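Please read all numbers here as calculations on a predicted model, not as lab measurements.
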Amino acid sequence: HLTGEEVEQAMSRGGRVVAVCGARGGVGATTVAVNLALQIAETSRTHVALLDLHLRGGHMAMMLGERPSAGLRRALENPQMVDSLFLERVAIPVGERLRVLVADEPFDADPRPTPEAVGRLIEILRQRFILIIVDVPTPPSLPDRQALAVARQTLVVFSPDMVALREAEQARTALEGLKSDDSGHLRVGVIPTLLPYAMVEPLAAFQKQYPRVELTLVEAMTEDLVDALRGGELDLALLALPIRHNEIICSELFREPLV
């Protein structure tokens, strides 16, 4: 079952994200994700990335006959590690057009990925690949939900019985609610000269419109805010231009004269 054909306009740039998850565990969602990626990469000659968020107990590496990377868990626990160089190190080539990111942590491991790192990794993948297929565990954790929230389509896999049909409908309802939910956490950086007079009214209006969004303000100088943006510690910032970093998208809001 496919759900979530359209998401907000900001997600339309870059590669398409397709999430695959099971209505319950053990229904073959990983098998579907692997075969979907292999088929699309082979038949459409499209560059495809396959991301397995089962950091512990996953079977994707074994199915593909590949050795999992040791770096995926560390990166998903530390957003500042997720960059293009990391992608080159951990992405496993399978054929000419498929790259796989997979971990295989031991049973007694306690991986703790963060939503920020998952979102950052998917955004970097979207810049490099036409299609990104994400195998999402069931039930999804908070970081897993980040992948579901940005997916253009979600493929829910279920077994052919009446109980599974009910579970699939429950999963569809939950996914649609996830994509329409205005809750979350927004981390905003601002330079000291702007905070007292330029931010009070916009922030008040934002919180009135989105009362379920937890807003965190960080006051710092431009250089420190740029480092925080690049490290995934902030979602956006208001600072002094110019900013000479290609991975940061900048827009001029206003100018003020030097006195």
Side-chain angles (χ1 to χ4, degrees), residues 10-19 37 46-55 58 60-61 66-94 97-105 109 111-136 141-152 184-189 216 218 220-239 241-251:
M11 296 312 303
S12 63
R13 301 188 301 270
R16 177 184 294 262
V17 179
V18 175
T46 295
H47 291 278
V48 179
L50 178 58
L51 171 61
D52 186 7
L53 291 179
H54 297 80
L55 300 183
M60 185 177 291
E66 301 288 347
R67 296 185 62 179
S69 168
L72 183 57
R73 172 189 173 177
R74 292 196 302 272
L76 292 184
E77 292 177 332
N78 302 279
Q80 66 275 12
M81 292 181 59
V82 181
D83 54 22
S84 297
L85 182 60
F86 155 79
L87 187 60
E88 295 292 337
R89 291 197 306 265
V90 303
I92 303 169
V94 179
R97 291 177 172 79
L98 176 61
R99 297 296 181 268
V100 179
L101 292 89
V102 60
D104 188 14
E105 298 296 322
R112 299 185 179 184
T114 68
E116 294 82 2
V118 172
R120 185 174 175 84
L121 175 56
I122 291 176
E123 185 57 34
I124 291 176
L125 290 171
R126 292 180 66 240
Q127 297 170 12
R128 300 284 299 274
F129 295 89
I130 301 299
L131 179 68
I132 301 94
I133 297 175
V134 186
D135 185 14
V136 180
S141 65
L142 183 59
D144 300 330
R145 293 173 190 172
Q146 180 69 23
L148 293 170
V150 301
R152 287 285 298 275
H185 185 197
L186 181 64
R187 302 159 304 171
V188 180
T216 298
V218 177
M221 303 304 293
T222 292
E223 182 178 351
D224 296 327
L225 294 176
V226 168
D227 290 340
L229 285 169
R230 298 180 70 195
E233 300 169 17
L234 290 176
D235 299 304
L236 59 94
L238 283 84
L239 34 75
L241 296 177
I243 302 298
R244 296 182 175 88
H245 294 282
N246 293 333
E247 66 269 38
I248 298 178
I249 300 174
C250 298
S251 297

Report the C-alpha distance between D235 and V188 in whole Å, list the side-chain angles of each, state the deciding distance to 0.1 Å, and finish with yes or no for side chain to side chain contact (heavy atoms under 4.5 Å, CB included).
CA-CA 6 Å; D235 299 304; V188 180; over 6 Å; no
Indicate yes or no: at least one non-hydrogen side-chain atom of L50 is less than 4.5 angstrom from one of M60.
yes
Is any side-chain heavy atom of L121 closer than 4.5 Å to a side-chain heavy atom of L72?
yes
Excluding sequence neighbours, so at least two apart, what forms side-chain hydrogen bond (donor to acceptor under 3.5 Å, both in side chains) with S141?
D144
Any donor-acceptor pair under 3.5 Å linking the side chain of R120 with the backbone of V82?
yes
In sequence, state the C-alpha distance, the side-chain angles, and the governing distance for I122 and L51, and then conclude on side chain to side chain contact (heavy atoms under 4.5 Å, CB included).
CA-CA 9 Å; I122 291 176; L51 171 61; 4.2 Å; yes
Heavy atoms of V118 and P143 approach each other most closely as CG1-O, 3.7 Å
Is it the case that atom CD1 in I243 sees more than 12 heavy atoms from other parts of the structure closer than 6.0 Å?
yes
Would you say D135 and H54 make side-chain contact, with heavy atoms under 4.5 Å?
yes
Below 4.5 Å, heavy atoms only, C-beta onward: do L55 and P113 meet side chain to side chain?
yes
Return yes if some donor-acceptor pair links the side-chain N/O of R187 with the main-chain N/O of E233 below 3.5 Å, else return no.
yes
Would you name the heavy atoms of R99 and A91 that are closest together and state the gap between them?
CB-CB, 4.1 Å
Test item: V134 and V17 side chains (from C-beta on) under 4.5 Å apart, heavy atoms:
yes
Roughly how far, to the nearest 0.5 Å, is the NE2 atom of H47 from the CG atom of L131?
12.0 Å
The side-chain hydrogen bond (donor to acceptor under 3.5 Å, both in side chains) partners of T114 (sequence neighbours excluded) come to none
Answer yes or no: are there more than 12 heavy-atom neighbours, outside E66 itself, under 6.0 Å from its atom CD?
yes
Any heavy-atom pair between the side chains of T216 and L234 that's under 4.5 Å?
no
With rounding to the nearest 0.5 Å, note down the distance linking CD1 in I132 to CD1 in I130.
8.5 Å
Please, which pairs that meet side-chain hydrogen bond (donor to acceptor under 3.5 Å, both in side chains) have at least one residue in residues 74-88, sequence neighbours excluded?
R73-E77, E88-R128
Do L125 and L87 touch side chain to side chain, with heavy atoms closer than 4.5 Å?
yes
Shortest non-hydrogen contact between P115 and L142, atoms and distance
CG-CG, 3.9 Å
If I compare all heavy atoms of A37 with all of V48, which pair ends up nearest, and what's the gap?
CB-CG1, 4.2 Å
If I compare all heavy atoms of A75 with all of F86, which pair ends up nearest, and what's the gap?
CB-CE1, 3.3 Å
4.5 Å side-chain heavy-atom contact, L238 and L236
yes
Taking atom CZ of R112 as the centre, report whether more than 12 heavy atoms of other residues, nucleotides or ligands fall under 6.0 Å from it.
no
Identify the two heavy atoms, one from G71 and one from V90, that lie closest to each other, and give their separation to 0.1 Å.
CA-CG1, 4.1 Å
Atom pair CG (D224) and CG (L229), whose distance is rounded to the nearest 0.5 Å:
11.0 Å
